[in-house]
Amino acid sequence: MAEASDEKEQSLFQAPPIGEQERMIEAMLFASAEPLTTRDMAERMPHGSDPAEALVHLRKRYEGRGVRVVKVGDAWAIRTAPDLGYLMSRETVETRKLSRAAIETLAIIAYHQPVTRAEIEEIRGVAVSRGTVDQLLEMEWIRFGRRKMTPGRPVTFVVTQEFLDHFGLESARDLPGLKELRAAGLLDNRPPPGTMPQMGGEEDENESESAPGQNELFED
Amino acid sequence: MAEASDEKEQSLFQAPPIGEQERMIEAMLFASAEPLTTRDMAERMPHGSDPAEALVHLRKRYEGRGVRVVKVGDAWAIRTAPDLGYLMSRETVETRKLSRAAIETLAIIAYHQPVTRAEIEEIRGVAVSRGTVDQLLEMEWIRFGRRKMTPGRPVTFVVTQEFLDHFGLESARDLPGLKELRAAGLLDNRPPPGTMPQMGGEEDENESESAPGQNELFED
Amino acid sequence: MVEDDFDRDETPVNVAERLAAEALIVDVDGFEGPLDLLLTLSRTQKVDLRKISVLELARQYLAFVERAKALRLELAADYLVMAAWLAFLKSRLLLPPDPSEEGPSGEELAAHLAFQLERLQAMRDCAARLMGRDRLGRDFFARGVPEDVARLRRVTYTATLLDLMQGYARIRTRDEFRPFVMDRDALFTMEQALERMRGLIGYAGTWTDILSYLPEGFTADPARRRSATASTFAAALELVKEGRAELRQAEVFAPIELRRRD
């Protein structure tokens with residue numbers, strides 16, 4: 001025990017001063033296009049460093065500047081201030097135009113996650129085409145979540161860190177209007193009374209999937 | 001907000017305040033894939049801006065920070081502070097099992113030292129590739145011994161102190177002999193004569209080892 | 001199925017209204033399923049979706065389906081399934097509840113449909129707000145020249161004492177277990193060597209180490225090398241005897257060199 005605490009003291013003693021740690025995370029965040037977790041940073045820093053504390057300082061330092069330290073899920077990144085976007089017309093990345101179906105599906109996954117395909121179909125009232133999900137997976141805006149503990153153990157979808165990064169969200173809890181929707185009960189999983197066409201459970205899903213014609217082939 | 005709109009209105013008639021220009025060049029230098037000249041920056045900024053002056057301020061601001069504003073040719077860029085370069089590399093150590101050829105060669109050296117390459121080949125029955133010996137030398141498990149007083153005065157190999165340390169041996173003489181190995185059950189799985197699929201396999205392997213182009217380092 | 005009030009509604013009061021109605025029909029492919037169509041129809045009621053008249057909506061939907069049929073437009077199956085369900089819902093809403101009947105009441109079903117429409121509308125609004133946010137690569141930007149973390153890979157090799165002993169035991173006991181076979185494959189006969197040398201001697205205008213005449217595959221393995229060296233040497237002597245070549249050696253253990261004799 002005595003030894004262990006000695007070690008701890010020693011490692012605290014060895015950790016660089018916080019100002020130096022701030023420089024380190026500044027360099028790492030500047031160098032990376034992808035968000036870094038505090039763990040990623042700690043692994044690269046000298047033993048005993050505390051990137052979380054250094055981040056508090058760094059964040060403050062960049063307040064109101066041309067670039068900002070932003071939180072993306074459980075990671076951190078430096079991004080330019082949105083009000084200066086007009087200066088970066090040359091850096092603008094053309095994002096693939098998403099179909100209405102894909103945009104709606106994405107919104108449903110973001111607000112209802114973790115959500116199964118059947119649940120998405122119930123909300124949209126139409127079968128989800130494979131292409132829509134594939135496209136969102138390929139863009140790395142959604143990924144598979146844990147399976148639902150319901151019959152058939154269906155897979156679920158959740159949004160990714162890339163999604164949060166793209167839309168400038170700290171977490172999925174910061175989605176616009178989330179609180180209001182929840183208060184209005186619109187995010188409740190309200191099962192339909194009795195049986196209804198199209199909007200039922202998994203059986204309906206199968207039905208609609210096997211029904212020819214009506215799916216998202218109507219996408220533009 | 002009121003301030004912001006004031007500023008905006010002002011910028012229609014005159015250049016934005018220098019602090020604002022500093023934000024602009026900070027964002028541009030951060031997001032640009034290439035170093036920017038003051039002219040590049042001026043072209044993107046509101047009319048009447050003075051990126052050269054804003055740069056002086058920005059450079060000062062980044063003095064001693066984790067990243068610096070540096071001149072690249074006649075252009076400017078943000079780069080990691082040189083003393084933090086080590087954070088941008090990461091060493092991963094991968095431990096692999098020594099190849100069978102290397103183990104056998106090592107064993108022969110340990111049991112027969114000092115031993116020449118020709119003697120090793122005679123015992124193993126296959127040629128010893130240069131790579132195997134180099135690998136063992138590089139690992140510092142073997143070293144050159146005294147030359148043999150035979151024609152050609154061939155070099156010999158002996159095991160090193162590092163070798164003894166790694167295998168927990170006082171000296172190479174402590175290695176158990178054949179009889180002891182057998183007594184310890186290490187040789188017990190002796191296949192009956194005649195039915196020796198294992199043996200046959202070994203022969204094939206040796207054959208392929210001696211074929212030109214085969215390198216013993218590639219064994220797994 | 002056609003309602004009186006539907007007929008009233010659809011009686012073309014003016015051309016614009018009629019065109020709008022037809023546009024709705026023709027655009028059936030533009031709808032993402034019956035729920036989407038219902039949502040669009042509900043907008044004509046111009047009320048909060050919470051206060052929507054599901055009965056009225058059902059009438060509009062059924063009228064739409066009738067019109068589509070009249071225009072011989074093919075409707076996908078789920079539009080028709082929805083039509084059947086809405087007709088059932090309408091009858092439930094219009095008729096006094098039958099206490100003996102099981103299942104949800106018309107009001108419950110209507111409330112759920114209203115909920116679904118409201119939820120779908122809410123999701124559409126959310127999607128629009130989401131897409132309208134400041135976005136990476138459009139409004140704010142990541143580092144233009146990311147410095148990738150260089151991964152230096154260092155490989156260390158390891159082995160245990162057991163590996164070592166088993167390796168040694170394997171070699172030392174190999175011969176004990178070998179079945180008796182003639183190792184013909186390690187043999188390069190003098191006849192073979194002579195044939196090979198006769199073919200090559202014509203090119204040997206200058207002194208050449210006879211070891212360079214060893215055939216391929218007989219240089220690495222010591223046993224094969226030994227055999228090939230002996231037979232090649234013997235073949236070289238044979239060639240000298242025939243008067244076709246000369247041999248020389250500078251000193252003991254020095255290379256033996258061969259040259260064509262013209």
Side-chain angles (χ1 to χ4, degrees), chain A residues 15-34 36-47 49 51 54-55 57-70 76-93 165 168, chain B residues 1 3-5 7-8 11 16-37 40-47 49 51 54-55 57-58 61-70 76-92:
Chain A
I18 195 72
E20 196 54 26
Q21 293 187 36
E22 198 192 318
R23 286 184 73 228
M24 291 176 188
I25 59 168
E26 186 177 37
M28 287 187 283
L29 289 177
F30 256 89
S32 173
E34 307 291 321
L36 298 175
T37 64
T38 49
R39 209 179 133 184
D40 292 334
M41 292 185 262
E43 270 174 18
R44 286 156 66 182
M45 292 166 77
H47 193 68
S49 297
L55 264 165
H57 292 88
L58 192 71
R59 242 194 149 175
K60 193 159 252 161
R61 187 181 289 273
Y62 279 94
E63 260 169 28
R65 301 273 301 275
V67 295
R68 307 184 307 172
V69 179
V70 297
W76 299 83
I78 293 181
R79 299 286 179 252
T80 63
D83 66 309
L84 300 176
Y86 68 95
L87 292 168
M88 256 67 73
S89 56
R90 250 166 274 185
E91 278 77 33
T92 302
V93 194
D165 196 10
Chain B
M1 286 314 275
E3 241 179 293
S5 69
E7 260 175 31
K8 209 170 183 183
S11 76
I18 195 70
E20 196 54 26
Q21 291 188 37
E22 197 189 319
R23 288 184 72 228
M24 292 177 186
I25 60 168
E26 185 178 37
M28 285 188 287
L29 290 178
F30 172 82
S32 173
E34 272 134 39
L36 297 173
T37 62
D40 294 333
M41 291 186 263
E43 273 171 16
R44 297 194 195 184
M45 291 164 77
H47 192 69
S49 297
L55 259 169
H57 290 85
L58 192 70
R61 194 184 282 274
Y62 278 99
E63 253 168 37
R65 306 292 318 155
V67 292
R68 305 185 313 171
V69 180
V70 296
W76 298 86
I78 296 180
R79 296 277 185 265
T80 308
D83 66 311
L84 298 177
Y86 69 93
L87 291 168
M88 303 304 143
S89 72
R90 201 163 171 186
E91 191 175 64
T92 51

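Note: hydrogens, waters and symmetry copies are ignored here, and every other heavy atom, side chains too, is used. Order of the sequence lines sets the chain letters (A, B, ...), proteins ahead of strands, with each chain counted from 1.
Geometrically, B/R23 does not engage A/Y62 in a cation-pi contact defined by less than 6.0 Å to the ring centre and at most 45° from the axis.
When each of A/L29, A/L87, A/T80, A/D83 is scored by its heavy-atom pairs under 4.5 Å with chain B, the top score falls to A/L87. With respect to chain A, the highest number of heavy-atom pairs below 4.5 Å among B/R65, B/E26, B/E22 belongs to B/R65. Per-residue counts of heavy-atom pairs under 4.5 Å with chain A were compared for B/A33, B/A81, B/G64; the largest is that of B/G64.
Only the side chain of B/R61 comes within contact range of chain A, with heavy atoms under 4.5 Å apart. Contact annotation for B/I25: neither backbone nor side-chain heavy atoms come within less than 4.5 Å of a heavy atom of chain A.
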Practice problem: Let me see the working for A/W76 and A/V70 under side chain to side chain contact (heavy atoms under 4.5 Å, CB included), right down to the final yes or no. | Solution: CA-CA 6 Å; A/W76 299 83; A/V70 297; over 6 Å; no
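At least one donor-acceptor pair closer than 3.5 Å links the side chain of B/S32 to the backbone N or O of B/E34.
At a threshold of 4.5 Å between non-hydrogen side-chain atoms, the residues B/P46 and B/Q21 do not count as touching.
Remark: A/E63 does not engage A/K60 in a salt bridge, criterion side-chain N to carboxylate O under 4.0 Å.
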